[in-house]
K.L.:
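After the structure tokens below, expect a handful of questions from me.
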Amino acid sequence: MGTKSIQVSEAFHSYVEAHKKEDETLGETLVRLTGGPRPEIVAGLVSEETADAMEEAIETRSQNQTTSREQIVEQFEATDDS
């Protein structure tokens, strides 16, 4: 799979880096933090067992999530304004 570069604010880069697990790349961290591709997008591309594991991981992540995406967006919008 190919890669792409994106430009993000230093504040957002710091946020992602702060949430990066030791064994993750920054790209993997972004996928984890954003929920990755929606299951309906990858339907038919993975086995049923993999899809079930993905669904369980997404559900667990959702239950453990303490900060909503909206709050994160608000935080970075406030940072960009200063």
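Along the sequence shown, residues carry numbers from 1. Side-chain atoms are counted along with the backbone in the values below, which use heavy atoms only and exclude waters and symmetry mates.
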K.L.:
Could I get the full list of side chain to side chain donor-acceptor pair (under 3.5 Å) partners for S14, not counting sequence neighbours?
P.N.:
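With neighbours one apart ignored, the set is empty.
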
K.L.:
Is it possible for you to say whether V16 and V8 belong to one hydrophobic cluster, with membership spreading through side-chain heavy-atom contacts below 4.5 Å?
P.N.:
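Looking at the clustering, V8 is in the same group as V16.
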
K.L.:
Partners of E24 by salt bridge (Lys or Arg N to Asp or Glu O under 4.0 Å), sequence neighbours excluded?
P.N.:
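Counting only residues at least two positions away or on another chain, E24 forms a salt bridge (Lys or Arg N to Asp or Glu O under 4.0 Å) with R32.
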
K.L.:
Side-chain heavy atoms nearer than 4.5 Å, only ILVMFWY residues, links allowed to pass through others: does that put I6 and Y15 together?
P.N.:
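Per the 4.5 Å side-chain linkage, I6 and Y15 are co-clustered.
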
K.L.:
Among residues at least two apart in sequence or on other chains, which ones pass side-chain contact (heavy atoms from CB on, under 4.5 Å) with T50?
P.N.:
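Applying side-chain contact (heavy atoms from CB on, under 4.5 Å) to T50 gives V46, S47, M54.
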
K.L.:
Under the ring pair (Phe, Tyr, Trp, His ring centres under 6.0 Å) test, which residues partner H13, sequence neighbours left out?
P.N.:
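Once residues adjacent in sequence are excluded, H13 has no partner under the ring pair (Phe, Tyr, Trp, His ring centres under 6.0 Å) criterion.
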
K.L.:
For a quick test of reading the model, state the closest non-hydrogen atom pair linking L26 to E17 and the distance between them.
P.N.:
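In this case the closest contact between L26 and E17 is CD2-CA, 4.1 Å.
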
